[in-house]
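Down below is the structure, laid out as C-alpha cells.
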There are 2 protein chains.
Amino acid sequence: MNKNDIKEAGLKITQPRVQILKILETSKEKHFSAEDLYQLLREEDSKIGLATIYRVLTQFETAGLVIRHNFEGGQAVFELDKGEHHDHIVDMKNGKIIEFHDEIIEQRQIEIAKEHGYKLLDHSLILYAEPE
Amino acid sequence: MNKNDIKEAGLKITQPRVQILKILETSKEKHFSAEDLYQLLREEDSKIGLATIYRVLTQFETAGLVIRHNFEGGQAVFELDKGEHHDHIVDMKNGKIIEFHDEIIEQRQIEIAKEHGYKLLDHSLILYAEPE
DNA sequence: CTCAGTGCAAACTATTTGCAGATTT
DNA sequence: AAATCTGCAAATAGTTTGCACTGAG
C-alpha cells in the first residue's frame, strides 16, 4: 500500500505525500499536472502549497514512483509508474490521453539505436491525433 | 534561396530573418535553441534581440520553414524543415543529436492510432541513448 | 528532541508582449 | 508614406529555492 512506497523511497510519511499519492492511485484520471493536483487537493480540503506538490512529485519521480511527461503545452504531466511501460496518444480534440504499448515499435527503437552505435536508455513517443 | 522562402511566408525580408535563416541553412549543426542563435548572431556581429529571435522562429514555424522540438531540458530546439520527416536520437553523453527515419515505426504509428479510433495528426519520437 | 518537511514569498528560466522608434516596400 | 518589424523592458507561465516554522519518528 501507498505508505510503504513512500517509506521505501526514504521519505517520511507526511500528509501531503500520502494525499498526493492517493489521488494518483485512486482517481479515474491517470495524468495530472502539478496544478491539477493542487486544484483537486484544494477541493478536498488540504491547503498543500503548489511548491510542495512540485517537490513531492520530483521526489516521487526520483524514487521511481512517478513518471514525468513533457507533452506539448507547457505543463509537465505526471502519472503513477506501475511498471508497465507504455506510450501515449494525445487526443487533440478533447485533450484526452490514451495509453498504448507496442512491441514492434519497442523492438525497432532498440535496433535503430544499435544501428547508430548507441544503447537505448529511454524514449518518448507521443502520437498527436484526433478522433476519426 | 532563403529570401524567397521568407517572402513566400508573407513576411518582409528583414535583416534578422535573413540572418537567422542563413544560420539554420549553413551551419554544420542543425539544431538550435533560441539562445544558441542569439549567441551565434552576437559573435558574428548583429545585435538582434532575443525577443526578435523568438518571434522570427515562431513565424518560421507557422510558415512551415522550421520545426520546433521539445527535448528534455527546458529550451525548445529548432531546425530547418527540409520536408524529409525524421525523428531523433539524443546522445545523453555528448548532447549530440542524430536524425533517423524508420518506415516500420512510421507505419505502426498510423495503425496504432487507427486501432484506437484515431487519425494520426503528428507525432514525436525521441530516443535517449548513450554510445555503446 | 532532532531533522526532514512544509508554506509562503521571492527567485529563476524560458518565452511572450506592449510600445515607440526603425525598416521594408 | 504605410505597414510591418525590431529592440528593449516589462509581463507571463511554469517551476524551483531560501528560510523560519511545523511535524514525523
Side-chain angles (χ1 to χ4, degrees), chain A residues 1-23 31-42 44-63 65-78 95, chain B residues 2-23 31-42 44-63 65-79 95:
Chain A
M1 107 300 215
N2 46 36
K3 294 192 183 173
N4 250 327
D5 295 332
I6 297 174
K7 186 173 289 182
E8 278 164 24
L11 301 169
K12 286 188 178 174
I13 298 171
T14 63
Q15 213 199 305
R17 301 215 255 242
V18 172
Q19 286 188 222
I20 290 172
L21 192 47
K22 185 161 64 168
I23 291 183
H31 302 80
F32 304 88
S33 66
E35 192 73 31
D36 290 339
L37 291 168
Y38 182 63
Q39 297 304 338
L40 288 171
L41 288 166
R42 179 127 307 210
E44 288 188 7
D45 42 30
S46 13
K47 47 193 71 210
I48 299 178
L50 191 50
T52 299
I53 294 177
Y54 275 109
R55 262 183 302 229
V56 169
L57 287 172
T58 302
Q59 293 159 342
F60 282 0
E61 186 191 14
T62 303
L65 282 177
V66 144
I67 301 174
R68 178 194 305 250
H69 297 289
N70 294 303
F71 297 158
E72 299 209 340
Q75 277 144 297
V77 168
F78 300 83
Chain B
N2 46 38
K3 295 191 183 173
N4 250 327
D5 295 333
I6 296 174
K7 186 172 288 180
E8 279 164 24
L11 301 169
K12 286 189 178 172
I13 298 173
T14 62
Q15 213 198 301
R17 302 214 255 242
V18 172
Q19 285 187 224
I20 290 172
L21 191 47
K22 184 161 67 167
I23 292 184
H31 302 79
F32 305 88
S33 66
E35 191 73 33
D36 290 339
L37 291 168
Y38 182 63
Q39 298 304 339
L40 288 171
L41 288 166
R42 179 127 306 211
E44 288 188 7
D45 43 31
S46 12
K47 48 193 69 209
I48 298 177
L50 191 50
T52 299
I53 295 177
Y54 275 109
R55 262 182 302 226
V56 169
L57 287 172
T58 302
Q59 292 159 342
F60 282 2
E61 188 191 11
T62 303
L65 282 176
V66 145
I67 301 174
R68 178 196 305 252
H69 297 290
N70 294 303
F71 297 159
E72 299 208 339
Q75 277 144 295
V77 169
F78 300 82
E79 72 174 310

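Here is the naming used below: chain letters follow the sequence lines, and residue numbers restart at 1 for every chain. Only heavy atoms go into these numbers, but all of them, side chains included; no hydrogens, no water, no symmetry mates.
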Heavy-atom side-chain contact between B:Phe32 and B:Leu57 under 4.5 Å: no
Between the OH atom in B:Tyr38 and the CD1 atom in B:Ile20, the distance rounded to the nearest 0.5 Å is 12.0 Å
Please name all residues satisfying salt bridge (charged side-chain N to carboxylate O under 4.0 Å, His left out) with B:Arg42, sequence neighbours left out, ordered by chain then number. none
Write down the distance between CZ (A:Phe78) and P (D:dG14), rounded to a whole number of angstrom. 13 Å
Are the side chains of B:Ile53 and B:Leu41 in contact, using a 4.5 Å heavy-atom criterion? yes
Treating A:Thr52 as the side-chain partner and A:Ile48 as the backbone partner, does any N or O pair qualify as donor plus acceptor under 3.5 Å? no
Please give, in whole Å, the distance from D:dC5 P to B:Gln19 CD? 16 Å
Grab the OH-C1' distance between A:Tyr38 and D:dG14 for me, whole Å please. 14 Å
A:Ala76 and A:Asn70: which non-hydrogen atoms are nearest, and at how many Å? CB-OD1, 4.0 Å
Separation of D:dG14 P from B:Gln75 CD (nearest whole Å): 18 Å
Quick one: do A:Leu65 and A:Glu61 satisfy side chain to side chain contact (heavy atoms under 4.5 Å, CB included)? Show the steps, please. CA-CA 6 Å; A:Leu65 282 177; A:Glu61 186 191 14; over 6 Å; no
Sugar-phosphate atoms are those with a prime plus P, OP1 and OP2; base atoms are the rest. Using that split, label each nucleotide of nucleotides 18-25 of chain D B, S or - for protein heavy atoms under 4.0 Å, 5' to 3'. B----BBS
Nearest-nucleotide wise, let me know which of B:Gly74 and A:Val56 is further upstream toward the 5' end of DNA chain C. A:Val56
Sequence-distant partners of B:Ala51, side chain to side chain contact (heavy atoms under 4.5 Å, CB included), two or more places apart: B:Arg55
Starting at CZ of B:Phe60 and ending at P of D:dC5, how long is that distance when rounded to a whole Å? 11 Å
State, yes or no, whether a side-chain contact exists between B:Phe78 and B:Ile67 at a heavy-atom distance under 4.5 Å. no
Using a heavy-atom cut-off of 4.0 Å across all strands, would you classify A:Ala76 as base, sugar-phosphate, or nothing? sugar-phosphate
Helix axis bend for the helix from C:dC1-D:dG25 to C:dT25-D:dA1 - C1'-based end axes, five pairs, 10° rounding: 30°
To the nearest Å, give me how far apart CZ (A:Arg68) and C1' (D:dT16) are. 11 Å
Rounded distance in Å - CG (B:Leu50) to C1' (D:dA11): 15 Å
Whole Å only: how far is the OH atom of B:Tyr54 from the C1' atom of D:dG7? 16 Å
Please table the atom pairs, donor to acceptor, closer than 3.5 Å between any side-chain atom in residues 11-18 of chain A and protein atoms at least two apart or in another chain.
from    : atom 1 : to      : atom 2 : distance (Å)
A:Gln15 : NE2    : A:Gln19 : OE1    : 2.5
A:Arg17 : NE     : A:Lys12 : O      : 3.1
A:Arg17 : NH1    : A:Gln59 : OE1    : 2.8
A:Arg17 : NH2    : A:Lys12 : O      : 3.4

Opening and closing nucleotides of DNA chain C in contact with chain B, under 4.0 Å to non-hydrogen atoms: C:dA14 to C:dT25
Work out which heavy atom in A:His31 is nearest to a heavy atom in A:Asp36; give both atom names and the distance. O-OD2, 4.2 Å
